[in-house]
J.: 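Before we start, here is the structure in question, set down as structure tokens.
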Amino acid sequence: MRGPGGGANLLALRSHNTTLVLDLLRTAGAEGISRLELAERTGLTPQAVSKITARLREEGLAAEAGRRASTGGKPRTVLRLVPEAGHAVGVHLDRDELRAVLADLDGTVVARRHAPLDLGAGAEAVLARVASVVEELAVAVVAGARPLLGVGVALPGPLDHRRGVLHRVTGFPEWDGFPLRDALAERLGSVPVVVDKDTNAVALGLAVGGEGGSFAYLHLGTGLGAGLVIGGSVHRGPRTGAGEFGHQVVQLDGPPCGCGDRGCVEALCLAAVARGELAEAARVLGTGAANLVGLLDIDRVLVGGRTVEGAPGVFVRGVRGVLEARARRTGEGGVGVRVVSGEGRVAEGAAQLVLAPVFGQDG
């Protein structure tokens, strides 16, 4: 179970029981957790837990975190996760910029990179830029003989998450059918690569970070999309095409959209933003959000992206106003709205595409 550089290959450790133990070690934090507690919370036998934790310690993934007083008998040894035992790179490819992070097992970002990008420059140019940034971030990992677990790449959809193949990215038809996952993995020397939509990456990061229940994350930047979390898991749909929020038609005779349709939420929102009419953009966004609430009965709506972060109050008020008007008409309870900020949210969520499955979470 050795990965590149002699470290643990966490992808090979992902048996169901091991992921249960790893997740509890992660959530226990620096204080740690005893083997007895691990057995109680997982339902595994103490012997099974001892075998798993012994292997995790041998691989450098777990370490002693001291001793804790017992209600009877000798003090219990507690164990903790070793965050620096593995790292993942998360990459956000937007239409005009690239953001990347190096994150440890806890999801803590230990390095960041930001560079301009032209998504329309062609596959060769984009792949070269991504590979250069990934290799730059991986230097510290390789130097410390610690494995790079993989690279998560998040970008505008639609795309096939399972196969890592892009579909017709709005405004960039040349990417249609491109096997981004396999092409990047080959360039990186077979480092595992996961590809998903930018909105799904943020939604996953939020869910892993403790955002419970069912919610929609609406991302308004150079485009508009949604990440959906239903019952704690990212909802991608059987063809991994869920969340194409920006291309719901809300005005039949509306302006043309880059997707080929007319009157899409994205086209109306971006046009309003271009005119400087942010309140109107927020109202249109709220209309789309109200459709989601009516269809999915979600608990809350989270909004983010560079356009939203430029005027967070305007967008929260606008979206909330539409949702509150809907609640008054239907007699249902109100749905909460808040801004999710942070320029690196997508890249950090992209790293979770690699890290979350290690702990048995939706990746």
Side-chain angles (χ1 to χ4, degrees), residues 154 156-159 161-162 196-221 223-252 254 259 261 263-269 281-305 307-308 312-341 345-346 349 352-353 356 360-363:
L159 54 80
H161 166 65
R162 293 193 183 94
D196 206 348
K197 291 192 291 190
D198 46 12
T199 50
N200 285 346
V202 176
L204 174 63
L206 290 167
V208 170
E211 189 74 47
S214 299
F215 62 87
Y217 168 72
L218 310 182
H219 187 94
L220 178 59
L224 174 62
L228 306 174
V229 172
I230 308 298
S233 297
V234 176
H235 176 70
R236 297 183 176 90
R239 290 168 295 280
T240 73
E244 287 301 306
F245 171 84
H247 300 297
Q248 56 174 306
V249 174
V250 294
Q251 185 179 331
L252 292 178
C259 72
D261 217 326
C264 293
V265 173
E266 178 175 292
L268 294 169
C269 259
R283 186 184 70 81
V284 173
L285 187 61
T287 299
N291 289 341
L292 274 186
V293 172
L295 285 170
L296 301 177
D297 193 23
I298 52 180
D299 300 315
R300 73 197 71 88
V301 172
L302 310 178
V303 293
T307 301
V308 170
V314 173
F315 281 95
V316 168
R317 286 193 298 274
V319 174
R320 181 179 290 147
V322 177
L323 292 178
E324 288 178 348
R326 178 188 179 278
R328 287 193 294 271
R329 291 194 307 272
T330 62
E332 299 171 358
V335 174
V337 181
R338 78 170 193 274
V339 170
V340 173
S341 61
R345 279 278 185 180
V346 177
Q352 287 296 342
L353 293 171
Q361 297 167 310
D362 181 15

J.: State, with a plain yes or no, whether a side-chain heavy atom of Leu353 is found less than 4.5 Å away from one of Asn200.
T.: no

J.: Got a sec, which residues hit side chain to side chain contact (heavy atoms under 4.5 Å, CB included) with Arg162, two or more places apart in sequence or on another chain?
T.: Asp160, Thr240

J.: Within this structure, what is the CD1-CD1 distance for the pair Ile298 and Ile230, rounded to the nearest 0.5 Å?
T.: 7.0 Å

J.: Please enumerate all residues that pass side chain to side chain contact (heavy atoms under 4.5 Å, CB included) together with Ala281, with sequence neighbours excluded.
T.: Ala272, Val273, Phe315

J.: Taking only residues two or more places apart in sequence, or in another chain, which ones meet Gln251 in a side-chain hydrogen bond (donor to acceptor under 3.5 Å, both in side chains)?
T.: none

J.: How long is the span from the CZ atom in Arg236 to the CG atom in Leu204, to the nearest 0.5 Å?
T.: 6.5 Å

J.: Which pairs, with at least one residue in residues 199-210 and sequence neighbours excluded, count as a salt bridge (charged side-chain N to carboxylate O under 4.0 Å, His left out)?
T.: none

J.: Any salt bridge (charged side-chain N to carboxylate O under 4.0 Å, His left out) involving residues 281-299? Give me the pairs, sequence neighbours left out, ordered by first then second residue.
T.: Glu280-Arg283

J.: Would you say the side chain of Val229 lies within less than 4.5 Å of the side chain of Leu206, judging by non-hydrogen atoms?
T.: no

J.: I'd like to check Val293 versus Leu323 (side-chain heavy atoms, cut-off strictly below 4.5 Å). Are they in contact?
T.: yes

J.: So Ser341 and Pro312, do their side chains get closer than 4.5 Å, heavy atoms only?
T.: no

J.: Please list, chain by chain and in numerical order, all residues satisfying side-chain hydrogen bond (donor to acceptor under 3.5 Å, both in side chains) with Asn291, sequence neighbours excluded.
T.: Gln248

J.: Would a 4.5 Å heavy-atom cut-off, applied to side chains only, mark Leu285 and Leu224 as touching?
T.: yes

J.: Suppose we screen for side-chain hydrogen bond (donor to acceptor under 3.5 Å, both in side chains). Which residues come up paired with His235, at least two apart in sequence or across chains?
T.: none

J.: Could you give all pairs that pass the side chain to side chain donor-acceptor pair (under 3.5 Å) test and reach residues 316-328, with sequence neighbours left out?
T.: Arg326-Glu332

J.: Report yes if some heavy atom in the side chain of Val202 is under 4.5 Å from a heavy atom in the side chain of Leu302; otherwise report no.
T.: no

J.: Residues in side-chain hydrogen bond (donor to acceptor under 3.5 Å, both in side chains) with Glu211, at least two apart?
T.: Arg300, Arg338

J.: Identify the two heavy atoms, one from Val265 and one from Gly288, that lie closest to each other, and give their separation to 0.1 Å.
T.: CG2-CA, 4.4 Å

J.: Start with the C-alpha gap between His161 and Lys197, add the side-chain angles, then the distance that decides, and say whether side-chain contact (heavy atoms from CB on, under 4.5 Å) holds.
T.: CA-CA 8 Å; His161 166 65; Lys197 291 192 291 190; over 6 Å; no

J.: Grab the two heavy atoms, one from Gly243 and one from Leu228, that are nearest each other, plus how far apart they are.
T.: N-CD1, 4.3 Å

